[in-house]
Peer 1: 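Provided herewith is a single structure, encoded as structure tokens, for subsequent inquiry.
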Amino acid sequence: MAVKTAINPQVTKLLNSISKKMIELNHPPLDVLTPKQSREFYQIARSYFTPIPVNGVTIENTSITSAMRQEVPVRIYTPFGEGPFPVLVYFHGGGWVFGDLDSSDNVCRYFSSKAGIVVVSVGYCLAPEHKYPAAFLDAVESVKWTFQNVEKLNGDSKRIAVGGESSGGNLAAAAAIFFKGDEEFKLSHQFLITPVMDYSFDTLSYKANYKFNLTTEKMKWFWAHYLNDSSEGSEIFVSPLKVPCAKHLPRTLLVTAELDPLRDEGLTFGKRLKEAGVNVELLHYDDLVHSFINMIGTVDGAKQALEEMTIKLRELLHN
């Protein structure tokens, strides 16, 4: 695979605008940044991510009770037309610390409308108020809930997938491993967008020291808030790449970005799946960065990537 280092110029312009605003607001360095502050700055940064219009979807807000007896908000997107539809249980990104149903609303609308699927978007518990395994247990519980309510969702129990972006991709992959070989909750696919796959910082993509949106320092900050102790990093539901046997994991659509510190752990996971006999579709974007999925209203290349991902998702879930 040819390596390109040239970043998409529209991404550069967008990130420079956000960076300038953060400087104006005196964004504190990571060693003193609190989770509460990070969420406030994230909301400001999100105002730079222009949504794209999406029609042909109905939306319902509800909640489920987690294994920790917490109420977990869930947003259900249903496409127009007759079902039953394939179902995607989706987890947003945000380093397990920030992000919510609103931050992933635009892409969930898009996936539902353009791929013709029901999307169950899960507002899992955030760290550090709820450290590992809280978010993972929410992911597991939401998959079970989806299977148990699939008829009410106008969904097809034989086509239930799990997916997510970044930390949400981590939760999706962990849930797929948890349900591996389970005949009652048999996932048909996993859809992993620039996922966090390993508690490790020694890959070439980490060593490249990219400063585009996600950095090594930010990932270490996220991990420190998510885990109770670094020793948990070796657990497979924390680091799906460490799963001893990838055989029988669901068919996978994997999305990676060249200029992303998480690039290599994603690519390595895809390679491991293929070696284990899992069918893997890889979409790799040479000039994009981590979280490009949020840039679809501003960056033409990000929108084109979203279109390609959604076409492939539709093919996999409907065929």
Side-chain angles (χ1 to χ4, degrees), residues 57-67 72-92 101 104 107-124 135-165 168-193 195 237 240 243 246-255 269 273 278-281 309-319:
V57 178
T58 60
I59 296 170
E60 177 190 353
N61 289 297
T62 185
S63 65
I64 63 175
T65 303
S66 74
V72 178
V74 170
R75 187 170 294 167
I76 302 162
Y77 303 80
T78 306
F80 291 178
E82 293 185 18
F85 300 102
V87 183
L88 172 67
V89 185
Y90 188 84
F91 309 105
H92 64 78
L101 297 181
S104 61
V107 295
C108 287
R109 289 173 186 261
Y110 193 93
F111 291 144
S112 179
S113 175
K114 305 301 183 183
I117 61 175
V118 173
V119 177
V120 178
S121 181
V122 182
Y124 55 87
F136 164 67
L137 294 177
D138 286 354
V140 168
E141 207 62 36
S142 62
V143 170
K144 290 181 179 179
W145 180 89
T146 300
F147 274 92
Q148 291 161 351
N149 292 272
V150 68
E151 289 186 9
K152 295 178 185 176
L153 295 169
N154 198 10
D156 179 356
S157 63
K158 296 191 184 314
R159 294 180 293 168
I160 297 180
V162 68
E165 182 244 344
N170 171 275
L171 297 175
I177 291 170
F178 180 85
F179 289 108
K180 184 164 73 90
D182 192 312
E183 290 302 318
E184 183 181 2
F185 305 107
K186 190 180 178 78
L187 291 165
S188 65
H189 298 77
Q190 59 179 340
F191 177 32
L192 310 178
I193 307 168
F237 300 131
V243 65
K247 198 173 182 181
H248 303 308
L249 281 171
R251 185 169 182 174
T252 301
L253 175 56
L254 174 64
V255 180
F269 187 67
L273 291 176
V278 177
N279 191 311
V280 179
E281 300 271 359
M309 291 155 52
T310 306
I311 289 169
K312 183 58 68 176
L313 181 65
R314 184 183 183 95
E315 289 176 359
L316 290 174
L317 291 179
H318 283 274
N319 297 323

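When reading the values below, keep in mind they use all heavy atoms of this one structure, side chains included, and skip hydrogens, waters and symmetry mates. Numbers for residues simply follow the sequence, beginning at 1.
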Peer 1: Any heavy-atom pair between the side chains of Val57 and Phe111 that's under 4.5 Å?
Peer 2: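 The answer is no, as the side chains (C-beta and beyond) never meet within the 4.5 Å cut-off.
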
Peer 1: In Å and rounded to the nearest 0.5 Å, what is the CZ to OG distance from Arg75 to Ser63?
Peer 2: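 Spacing of CZ (Arg75) from OG (Ser63) equals 12.5 Å.
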
Peer 1: Parallel, tilted or perpendicular for Phe136 and Phe237, by the 30°/60° rule?
Peer 2: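 Judged by the thresholds at 30° and 60°, the geometry between Phe136 and Phe237 is parallel.
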
Peer 1: How close do Ala172 and Leu192 get, counting heavy atoms only, and between which atoms?
Peer 2: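 The answer is CB-CD2, 3.9 Å.
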
Peer 1: CG of Leu101 to CD1 of Ile76: how many Å apart, nearest 0.5 Å?
Peer 2: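 Answer rounded to 0.5 Å: 10.5 Å.
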
Peer 1: Taking C-beta and beyond as the side chain, do Phe185 and Ile160 meet within less than 4.5 Å on heavy atoms?
Peer 2: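 When only atoms from C-beta onward are counted, Ile160 and Phe185 do not touch, as no gap falls below 4.5 Å.
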
Peer 1: Using only atom types and a distance under 3.5 Å, with no angle test, would you say the side chain of Ser112 pairs donor to acceptor with the backbone of Ile117?
Peer 2: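 A pair under 3.5 Å: yes.
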
Peer 1: Describe, in one word, how the ring planes of Tyr124 and His92 are oriented to each other, choosing from parallel (under 30°), tilted (30 to 60°) and perpendicular (over 60°).
Peer 2: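 Tyr124 vs His92 ring planes: parallel.
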
Peer 1: Kindly give the heavy-atom pair with the smallest separation between Ala115 and Leu313, and that separation in Å.
Peer 2: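 Smallest heavy-atom distance, with atoms named: CB-CD2, 4.3 Å.
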
Peer 1: How about Ser142 and Ile64: do any of their side-chain heavy atoms sit closer than 4.5 Å?
Peer 2: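 The answer is yes, as the side chains (C-beta and beyond) meet within the 4.5 Å cut-off.
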
Peer 1: For a quick test of your reading: what N or O donor-acceptor pairs under 3.5 Å do the side chains of residues 77-91 make, sequence neighbours left out?
Peer 2:
residue	atom	partner	partner atom	Å
Tyr77	OH	Asp105	OD1	2.6

Peer 1: Going by heavy atoms in the side chains, are Met309 and Val107 under 4.5 Å from each other?
Peer 2: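 Contact flag for Met309/Val107 side chains = no.
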
Peer 1: Return the CG to CG distance between Leu171 and Asp138, rounded to the nearest 0.5 Å.
Peer 2: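 Interatomic distance, Leu171 CG to Asp138 CG, rounded to 0.5 Å: 8.5 Å.
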
Peer 1: Applying side-chain contact (heavy atoms from CB on, under 4.5 Å) between Ile193 and each of Leu253, Val255, Leu254, report the one that passes.
Peer 2: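 Answer after filtering Leu253, Val255, Leu254: Val255.
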
Peer 1: Just so I know, are the side chains of Glu141 and Thr65 near enough to count as touching, which here means a heavy-atom distance under 4.5 Å?
Peer 2: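 Glu141 does not reach Thr65 side chain to side chain.
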
Peer 1: Would you list the pairs meeting side-chain hydrogen bond (donor to acceptor under 3.5 Å, both in side chains) in which at least one residue belongs to residues 145-158, sequence neighbours left out?
Peer 2: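 Matches after skipping sequence neighbours: Asp156-Arg159.
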
Peer 1: Can you tell me if Arg314 uses its side chain to pair, donor with acceptor, with the backbone of Lys114 under 3.5 Å?
Peer 2: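 Yes: the side chain of Arg314 pairs with the backbone of Lys114.
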
Peer 1: Taking all non-hydrogen atoms of both residues, which atom of Pro250 and which atom of Leu187 are closest, and how far apart?
Peer 2: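 For Pro250 and Leu187, the tightest heavy-atom pair comes out as CB-O, 3.6 Å.
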
Peer 1: Specify the closest pair of heavy atoms between Glu281 and Arg251, including all atoms of both residues, with the distance to one decimal.
Peer 2: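 Result for this residue pair: OE2-NH2, 3.5 Å.
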
Peer 1: Look up atom CD in Gln190 and atom CG in Leu316, then write down how far apart they are to the nearest 0.5 Å.
Peer 2: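 Going from the CD atom of Gln190 to the CG atom of Leu316 covers 11.5 Å.
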
Peer 1: Do the side chains of Ser188 and Leu317 get nearer than 4.5 Å, heavy atoms only?
Peer 2: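 Yes - at least one pair of side-chain heavy atoms lies under 4.5 Å apart.
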
Peer 1: Answer yes or no: is there an ion pair linking Lys144 with Glu184, defined by an N-O contact shorter than 4.0 Å?
Peer 2: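 So Lys144 does not pair with Glu184 through a salt bridge.
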
